[in-house]
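Have a look at the structure below before the remarks.
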Amino acid sequence: MAKNKISSSGSLKKPVKIHEIDIYNIRNKKTGLYMEIPDGSKHPMVTVKQDKYNGNISQSFRLRVIDTRQKIYEIIPMANEWLRLDVMGGNPANNVPIWTFDSNNTEAQRFKIIQENSGDLSYKILTEKSEFKRGISIGKTADSIIQNDIDEKDDNNYWYFETAHV
């Protein structure tokens, strides 16, 4: 069986429409880097980063539907399915890191995932903790992932979901 070639962006596949049953690598539209749980940590309170594609489980996530009509999900790291992506401290402000935390069914762990209108299959990931006024974005350092105001014209705020090969 032939091995898939990695594209110049470092991905194995093109972006796809999201479905609850799939496992994804989540790539930032601007940087081309992937969401990652550093070192594939299975522990809570680890800040989510972004890095080049490596094919490890540390960059694989599953979605769990909370509300189909509203497109609200939990984002589950495959390195430990008892954890969720979480807005650190449940803080609704700007520049708050996204980290992993034990599943607790709170607003800090719920995200509205909305496809961009350009048709390129990129999505903004809005945080319920901010009443969906802010979303997951790139921080001031190249590898940080934070909650921030959404600027519709800034590709830092958009993400591609690609089928993971785990």
Side-chain angles (χ1 to χ4, degrees), residues 4 6-7 9-13 15-16 18-66 71-113 121-130 134-148 150 155-166:
N4 290 332
I6 296 175
S7 71
S9 70
S11 67
L12 285 173
K13 289 203 160 209
V16 296
I18 59 173
H19 303 282
E20 179 184 6
I21 60 171
D22 292 332
I23 298 171
Y24 300 100
N25 300 121
I26 306 173
R27 177 171 51 95
N28 183 264
K29 184 174 182 176
K30 185 170 188 174
T31 66
L33 299 175
Y34 289 80
M35 271 192 203
E36 179 174 72
I37 309 303
D39 302 318
S41 179
K42 297 178 187 280
H43 303 287
M45 298 187 283
V46 174
T47 304
V48 179
K49 302 285 185 186
Q50 62 169 344
D51 203 352
K52 292 179 184 173
Y53 179 81
N54 62 32
N56 294 331
I57 198 165
S58 63
Q59 293 181 340
S60 299
F61 301 88
R62 183 171 61 83
L63 302 177
R64 179 176 170 267
V65 174
I66 301 299
K71 299 178 181 173
I72 299 173
Y73 300 87
E74 292 179 330
I75 303 174
I76 303 168
M78 296 308 296
N80 181 344
E81 294 188 59
W82 293 101
L83 299 176
R84 301 293 182 267
L85 293 194
D86 185 282
V87 177
M88 186 181 282
N91 188 336
N94 270 337
N95 300 314
V96 176
I98 303 299
W99 68 351
T100 60
F101 203 78
D102 294 320
S103 177
N104 59 27
N105 198 33
T106 63
E107 291 177 347
Q109 297 182 351
R110 294 189 199 124
F111 303 91
K112 183 180 278 193
I113 302 176
L121 293 177
S122 64
Y123 295 83
K124 52 187 170 184
I125 305 171
L126 304 175
T127 60
E128 184 170 338
K129 194 60 192 175
S130 71
R134 295 186 173 95
I136 296 180
S137 187
I138 302 304
K140 291 180 182 176
T141 61
D143 67 344
S144 65
I145 295 179
I146 60 168
Q147 169 181 264
N148 211 0
I150 293 295
D155 287 344
N156 276 334
N157 302 314
Y158 290 94
W159 301 86
Y160 293 114
F161 286 74
E162 300 170 355
T163 304
H165 299 277
V166 291

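The structure displayed is predicted, hence computed values, not measured ones.
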request  = Let me know which of Ile146, Thr106, Ile98 forms a side-chain contact (heavy atoms from CB on, under 4.5 Å) with Val87.
outcome  = Ile98
ask   = Between Gln109 and Asp86, is any side-chain donor less than 3.5 angstrom from a side-chain acceptor?
value = yes
ask   = Quick one: does Ile75's side chain get under 4.5 Å of Ile125's, heavy atoms only?
value = yes
message = Let's go through Glu81 and Arg62 carefully: what are the C-alpha distance in whole Å and the side-chain angles of both, what is the deciding distance for salt bridge (Lys or Arg N to Asp or Glu O under 4.0 Å) to 0.1 Å, and is it a yes or a no?
response = CA-CA 9 Å; Glu81 294 188 59; Arg62 183 171 61 83; 3.1 Å; yes
ask   = From Lys29 NZ over to Leu121 CG, what is the distance, rounded to the nearest 0.5 angstrom?
value = 10.0 Å
request  = Could you tell me whether a side-chain N or O of Asn80 sits under 3.5 Å from a main-chain N or O of Lys42, the two making a donor and an acceptor?
outcome  = yes
ask   = Do side-chain atoms of Gln50 reach the backbone of Ile145 as a donor and acceptor pair under 3.5 angstrom?
value = no
inquiry  = I'd like to know if the side chain of Asn91 and the backbone of Val96 have a donor-acceptor N/O pair within less than 3.5 Å.
reply    = no
message = Measuring from atom CD1 of Ile113 to atom CD1 of Ile72, what distance do you get when rounded to the nearest 0.5 angstrom?
response = 10.5 Å
task = Please examine the side chains of Asn28 and Tyr160, heavy atoms only from C-beta on, and report whether any two atoms are closer than 4.5 Å.
result = no
ask   = Counting N and O atoms only, with roles assigned by atom type, does the side chain of Arg134 sit under 3.5 Å from a partner on the main chain of Leu126, one being a donor and the other an acceptor?
value = no
task = Could you grab the distance from atom OG of Ser130 to atom NZ of Lys112, nearest 0.5 Å is fine?
result = 10.5 Å
Donor-acceptor pair between Ser137 and Asn157 side chains, under 3.5 angstrom = yes
ask   = What are the two closest non-hydrogen atoms of Lys129 and Pro92, and how far apart are they?
value = O-CB, 3.4 Å
request  = Might you work through the salt bridge (Lys or Arg N to Asp or Glu O under 4.0 Å) test for Glu74 and Arg110, ending with a clear yes or no?
outcome  = CA-CA 5 Å; Glu74 292 179 330; Arg110 294 189 199 124; 5.6 Å; no
key: Stepwise side-chain hydrogen bond (donor to acceptor under 3.5 Å, both in side chains) test for Glu162 and Tyr53   = CA-CA 11 Å; Glu162 300 170 355; Tyr53 179 81; over 6 Å; no
request  = Could you walk me through whether Leu83 and Asp102 pass side-chain contact (heavy atoms from CB on, under 4.5 Å), step by step?
outcome  = CA-CA 5 Å; Leu83 299 176; Asp102 294 320; 3.6 Å; yes
ask   = Minimum heavy-atom separation for Pro15 to Arg27, with atom names?
value = CG-NH2, 3.8 Å
ask   = When rounded to the nearest 0.5 angstrom, what distance separates CZ in Arg64 from CD1 in Ile76?
value = 6.5 Å
query = Counting distance only, does the side-chain N/O of Thr100 pair as donor-acceptor with the main-chain N or O of His43 below 3.5 Å?
reply = yes
query = If you look at every heavy atom in Asn104 and Phe101, which pair is closest and at what distance?
reply = ND2-CD2, 3.6 Å
query = Within the side chain of Gln59, is there an N or O that forms a donor-acceptor pair under 3.5 Å with the backbone of Lys52?
reply = yes
ask   = Hey, does the side chain of Tyr24 reach the backbone of His19 with a donor-acceptor pair shorter than 3.5 angstrom?
value = yes
Result of checking Asn54, Val48, Asn56, Asp143 against Glu36 for side-chain contact (heavy atoms from CB on, under 4.5 Å) = Asn54
ask   = What heavy-atom pair brings Ser60 and Asn25 nearest, and what distance separates the two atoms?
value = OG-ND2, 3.7 Å
key: For the student: nearest non-hydrogen atoms of Ile136 and Trp159, plus distance   = O-NE1, 3.0 Å
query = When you look at Tyr123 and Tyr158, which way does the ring pair (Phe, Tyr, Trp, His ring centres under 6.0 Å) test go after all the steps?
reply = CA-CA 5 Å; Tyr123 295 83; Tyr158 290 94; 9.4 Å; no
ask   = How many angstroms lie between CE in Met88 and CD in Gln147, if you round to the nearest 0.5 Å?
value = 11.5 Å
ask   = Heavy-atom distance under 4.5 Å between the side chains of Ser103 and Trp82, does that happen here?
value = no
message = Using only atom types and a distance under 3.5 Å, with no angle test, would you say the side chain of Asp39 pairs donor to acceptor with the backbone of Ser41?
response = no
inquiry  = Rounded at 0.5 Å granularity, tell me how far CZ in Arg84 sits from CZ in Phe111.
reply    = 11.0 Å
request  = Heavy atoms only: give me the nearest Ile57-Ala79 pair and the separation to one decimal.
outcome  = CG1-N, 4.0 Å
